[in-house]
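Along the sequence shown, residues are numbered consecutively beginning with 1.
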Amino acid sequence: APYNIRDEFPLQPDINMLYNDIRDNTCITASGTEPDLDGCIAEAINQFDNVADSDGLGTATNTDDSQDEPIALKQRDKKIVIINNQYLPETEQDELCNKYETKLRTGLDGINPQRSDQIAGGINGINVVMINLRASAPLNYASCLTDFDDERVFSSPAVNFSPDLENIVIACREEICSAPTPAPTTDPTNDPTSDPTQNP
């Protein structure tokens, strides 16, 4: 879709199409009675890494230049907004944490990426904003996905827009549109020596 393609700016009809698609989605990605949150996060990461090249690792053609010279792409902020009204059991939440926590925090693949794994130009982490609906929402639901940041979690006991959701719309918008929280480096300091100073 045009809203995912690198450096193509969507027109208003494209935005309307995206809005209607989200609004009318009947959770067809759900597996049985549980939401397929794993599949949704994986697809979002695929969009960042492969479809939109959100880290600016590739190049694009400057069509305004008669020479059609390649130009470097710029990094984009990466955010995933997760809206829940069904919830996974705690064991499956833990599985999601083990699978995605490092990728979301650092943007890097692997279980324990190191500073040496980072490439020139850097890779951004992915900020997750979570909106939990219904009174059945578990406390601290999959909080590892938001890096345990309560300011990126919004809750409402009801799904009706008025008046229930009106109270969180502005706060959600501000968080979604704000600059992402900087991710810590994967290996920020050298390991201390076992005997850092000479003996007196």
- Residue from I82, I168, N84, V153 passing side chain to side chain contact (heavy atoms under 4.5 Å, CB included) with I131: I168

Atom [atom1] in [X], atom [atom2] in [Y]: separation rounded to 0.5 Å?
| X | Y | atom1 | atom2 | result |
| --- | --- | --- | --- | --- |
| Q86 | D36 | CD | CG | 11.5 Å |
| L88 | Q93 | CG | CD | 6.5 Å |
| C144 | L96 | SG | CG | 7.0 Å |
| L104 | K99 | CG | NZ | 11.5 Å |
| E95 | E90 | CD | CD | 11.5 Å |
| N127 | D149 | CG | CG | 8.0 Å |

- Query: Crowded around E151 CD? As in, over 12 foreign heavy atoms under 6.0 Å?
  - Reply: no

Do [X] side-chain atoms and [Y] backbone N/O form a donor-acceptor pair below 3.5 Å?
| X | Y | value |
| --- | --- | --- |
| R152 | T146 | yes |
| K78 | I45 | no |
| K103 | G125 | no |
| N46 | A42 | no |

Measure the shortest side-chain to side-chain distance between [X] and [Y] over non-hydrogen atoms and say whether it is less than 4.5 angstrom.
| X | Y | value |
| --- | --- | --- |
| V129 | I80 | no |
| M130 | L145 | yes |
| S178 | E175 | yes |
| V128 | Y100 | no |
| Y87 | E92 | no |

- Message: Quick check: is L133 connected to I176 through a chain of hydrophobic side chains (ILVMFWY, heavy atoms under 4.5 Å apart)?
- Response: yes

- Message: Is there a continuous path of hydrophobic side-chain contacts, each under 4.5 Å between heavy atoms, that joins F154 to I83?
- Response: yes

